[in-house]
Structure formats: structure tokens, C-alpha cells
Amino acid sequence: MDRTSTPEPSPLRPSSPPTSLPTIAVVGLGTMGTGITEVLTLAGRDVIGIDVSDAAALRAGAALEAATARAVERGRITEAERRAALGRFRTSGELAAAADADLVIEVVPENYELKHEVFTALDAVVRPTAILATGTNALSVTRLAADSARPERVLGLHFFNPAPAMKLVEVVSSVLTAPGAVTAVTELARELGKEPVAVGDRPGFVADGLLFGYLNQAAAMYESRYATREDIDAAMRLGCGLPMGPLALLDLIGIDTARTVLEAMYAASHDRLHAPAPILGQLAAAGLTGRKSGRGFYTYEAAGAGVVVADADTPGAAGGSPAAAGREVRSVGVAGSGTMASGIAEVFAKAGYPVVLAARTQEKAEAAKARIAKSLARAVDKGRLTAGQRDAALAAVTPAGSLDAFAEVDLAVEAVAEDLEVKRQLFATLDKVCRPGAVLATTTSSLPVVAVARATSRPQDVVGMHFFNPAPAMKLVEVVRTVLTADDAHATVRAVCTEVRKHPVDCGDRAGFIVNALLFPYLNNAVKMVQEHYATLDEVDAAMKLGGGYPMGPFELLDVVGLDVSLAIEKVLHREFRDPGLAPAPLLEHLVAAGCLGRKTGRGFREYAKA
């Protein structure tokens, strides 16, 4: 599948002719086949590119020439090495050309009948010792192997696109695959400078098995009009550090391809999370398959282009209703004394707002301000702030031991414990203390905002304002509007987010909002994958970082977030959406029950030197 992180390929300069699998045939010279060909030729293999289309073969040769020329320009290979690599590549329109190959890698389109036809023809052509590898990521390797004359030599070899840049290769064994064949291709992958991960035969394997459920949920979220495509994509990029939002990634992969993968996954799992969202079928049937057709979730300047152009759904497009005017915000109150409260207070203070930081006692408020002072000092040390800016921000924060200090603030932001009754009591107090017209915001990540709002006599003034931790660094704020929120209160929070240099995304008042609703089912599915002994922690984390471009693997992230926090969010999602696929994995529940909560306790999915 296509991915968006493109690290520079490492130089491949074989000092001597390869001793394992020296001659390799690549069947199918599309984007993936061409990329695999580049990797193999630069690693010293003789490559036979096979495609029924003469045009495809010509494009593959031209692409190899261009790629190796760029490699010379960048100093990764010499001109002599380039000429040698080009000399190791030849093309053919006949499968008979694979007769001398030690390994055949099939990367024709994801269609079982077509792949079966290729493998049947290869049976009559290749040597008995040749290994046959399919590049599928959605179809059954076992089924292809069982139909082969020698099933023990058939396996999966799943590269990620672009093959020259992406490090992950999934080596897929069926119950029929000979260990020697697995060893040979695993060693080949390492010699190519890749990171091979051994997996069993199930649709999507590890990386796409986790990725496509997440993409499917994002498509369903957009289809329900819960959030715009731009807000869904921005939320996952800015809230999770992903290289690309899910809807843009679906356009890049191809909506028809994604639907094929999901159909295969659903056939195997019968998990509703894998049942393709209807919009995927509708777009595919209409020929709106993403970038390759010029239109999918977004519209592109031309078929195959990556530049998005405005269309009727673009924010601010002609015909949209004018945005409501917000209320004036001259001062801000932040309630709480923890990391999130002090981080939010720091954000507002650095933007020039006078901030009242209120805690249960004056001592706790002073301690929270001291935490801000340390954070600002680190920013100065790193060159992100001047000493003058630090002093001005710190002077803007007034610690207080009571919410009575919020009497004149224009925006009150609550950042206390994630407990509904605690928040309701706090908002009942804010209702009495804050002046009429003040906007009251809750930073809850999992509780219903409307339940908090109903604790006041002015629910129209209450908005969700979900910052991400650490608030000074994370750019995203989810702005949560209830059915009772006034237009101008909503507009006020959006405008303030922009003033403090955050990116606001709009969403409705339901469990998980955007980020957690998409992130935690993915994390839960990763736990299930390990629980079922399909893959190890290290294999799953490596697959998502190397194959998906994720900044952290799911188990690294779970241990950082806290397993207790993760379990609580997953329970909320399961309770709200009533989907059996969202039920927390028993392994996660067992670890929490055992007190293994992640880094904060020194042990979660992994053990750490200290809590």
C-alpha cells in the first residue's frame, strides 16, 4: 500500500555478486513492481521484468533510468554502478522469461483469478527450486499456495510503496510454506536494506490489518457528517503526528483498492469495523477512486496529481453561510493545578492574555505557576523564547486558591479530573461566579459535554475545548459543540484557538470526538493481534512505524498514554457505540488489573528502568 513517509533510501553497493537468489523475476511492472525492480537491481540482482503491456515495460525502464540518475546526483551510487544496475535489468512480455529465476515476485492487480492464472502458468515454467512470492496484501496466500503444483515454495512478500524508500517488508508464511523458503527471502530482504517482519496469512497482515480498520472508521465518520474531511485529516495529523490524514491517505492508496482490502478483512473477521463504509463503495462505483482518477474524498488538479483544488465541499466555498461573530475575550481563567491546566495557562499567557490560574488551594495554584516557570525556562534554553517573553508570560499568570477569582474573566477553561461529577460541581460553581456572557469551556476527552453544560443555568455558553498533552507543544484543539451551544460561543472558542496559534477542528458531542474515536480502536486491535499470538509487540510496533510512517508503534504509545487511561477511553467508546468490535481487549484489562499501567508504573506492555 502507498505510504507517505519517504526516508532517503540507503546506498546499496554490493561489493561482490550476491550468493542468494541472484536472479529474480518481477511479474507486473506497475508502480510497485517498478519500485521493487529498482531496489533489486541496485542490490546487485539480475532482474527480469515481466508485463503483458509493452508500455508498462517501457515506463519501468524509463523510471529505473531516472531513479538511478537521481541516485548518482545525490552521491548514493557512482555512474559506473548506475550503468551496471541498468545492465542487470531486462523486460519481457512472456512468463516463460522467468524460467531461470531463483525467485519470482508477483505484483499484478489485487484479483484472485488473475494471480491464480499467473501462478498456474509459472508452475509450468520455473525450476523446481524456485521460490514464488505474491505481493498481495489482501488475498489469501494459502489459497494461492494450495492451487500451486509445489505449495511449499509459495509465500507472501509484501513491500510497501514507495518500495525504494519504505523499510518494512512483511514475509508471509502459509501452513504449507517450507522454512527454507522463508529463510531465503528473509535474508534477501535484509540484504536489500529492509526490515523483514515474519507474519502469518490473514488479510492485511500486520500493518494494513491495523491501518485499514482505522481508515474505514474515518470514512464512516465523514459519511455521517460528524466532521468535515479537512477537520478529520487535520485532527489525526496534528493530534497523533501522522504524516497524512486518513481520507487523504485513502485517496492516495485508491478507494477501490482500500475497499478490496476491507472486503477481504471482513470476510475473515466478520468484525463490523472491517465492513467497508458504504461511501467507499459509492465512490468506487462512480469511478471516484482518489488521486489516480483526479477525485475521491478530495478533488485534484488532474488524474494522478497530488495537488488538491477547491471544490463545493471546501471550507469557505461560495454559498456557505456566514460565520457567526464571536464574543470579546480579554482575560482567561484556567481551573486546575495539574499538567494540563498549567500547560493551557502557559499557552494563553504566551499569547498575551492575562490568566487567572485557580486551584483548590493557593499553594496548589502557586505550584502550578512554578511548573509554568520551569517550562518557560526550558523554552528560553532551547531558543524558543527570549528572556523578555518568558518574563512577560509569567507575569500574566495570577495564581488563585478559589474560583471566585474568575468573576471578571471572559473565558473560563476547566482542566480538572476526568470525573463527570467533579466537573459538574465545578461548572455549577462557575455558573454562579462568572459574569453573564462569559464562555465556559471543558477540556474533557471522553465525557459528554452536554452533561457538564446542564449543570449550569446557561448551557448555551458551554463548549468543549479539548487540548492535547503537552498543551504548549500540541497544535490541535477539538472544539466540541453540543446541541445547546450558541453560535457566538462556538465562534469565540474557534477565534481564541487561532489567537493562541492552535488549529481548531469542529466536532459534535459524542464519545472520543475525532482523535480518540479513531485512535483507540486501532490501539485496541493491536492488543488483540498480540493477544491472539499473531505477532509480537516488537513486530507490530516496527510494522506501524516502518510501514505506516507512525511516529510511535501502538504499544509504545499505549505505555506512554497509560493503560488505565486507554482502557477507560475504550470502555466509553464501547458503551456509546455498542459495537462488539470496540470491546476492550482482555489482555489490556488484565494488565490494568495487575497494576501494569505503562511508563508511569515502570511496567506496561514492556518493562522500564523506573516509573
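All values below come from the heavy atoms of this structure, side chains included, with hydrogens, waters and symmetry mates left out.
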Original post:
Would Ser375 and Arg390 count as having a side-chain donor-acceptor pair, cut-off 3.5 Å?
Top reply: no
Original post:
Okay, side chain of Arg229, backbone of Leu247: is any donor-acceptor separation there less than 3.5 Å?
Top reply: no
Subject >> Point-to-point distance, once rounded to the nearest 0.5 Å, from CG of Leu42 to CG of Leu192 >> reply: 10.0 Å
Original post:
How about Leu242 and Pro551: do any of their side-chain heavy atoms sit closer than 4.5 Å?
Top reply: yes
Original post:
Hey, are the side chains of Leu558 and Val527 touching, using non-hydrogen atoms and a 4.5 Å cut-off?
Top reply: yes
Subject >> Thr482 side-chain N/O to Val449 backbone N/O, donor-acceptor pair under 3.5 Å >> reply: no
Subject >> Inter-residue atom distance Met474.CE - Asn469.CG, 0.5 Å rounding >> reply: 8.5 Å
Subject >> Mutual orientation of the aromatic rings belonging to Phe555 and Phe605 [parallel < 30°, tilted 30-60°, perpendicular > 60°] >> reply: perpendicular
**OP:** Taking Tyr300 for its side chain and Gly290 for its backbone only, find out whether a donor-acceptor pair lies under 3.5 Å.
**Re:** no
Original post:
With no hydrogens and no angle check, is any side-chain donor or acceptor of Glu556 less than 3.5 Å from a backbone partner on Asp541?
Top reply: no
Original post:
Got a second to check how far Leu582's CG is from Gln217's CD, nearest 0.5 Å?
Top reply: 6.5 Å
Original post:
Is the shortest side-chain N to carboxylate O distance from Glu414 to Lys423 below 4.0 Å?
Top reply: yes
Original post:
Between Tyr353 and Phe348, what is the ring plane arrangement, given parallel below 30°, perpendicular above 60°, and tilted in between?
Top reply: perpendicular
Original post:
Is the shortest distance from a Lys or Arg side-chain nitrogen in Asp538 or Arg606 to a carboxylate oxygen in the other one below 4.0 Å?
Top reply: yes
Original post:
Got a donor-acceptor contact below 3.5 angstrom from the Arg76 side chain to the Arg70 backbone?
Top reply: no
Subject >> Distance, nearest 0.5 Å, that separates OH of Tyr298 from CG of Leu250 >> reply: 10.5 Å
Subject >> Donor-acceptor contact below 3.5 Å, side chain Glu576 vs main chain Arg510 >> reply: no
Subject >> Lys/Arg-Asp/Glu bridge criterion (N-O < 4.0 Å) met for Arg603, Asp559 >> reply: no
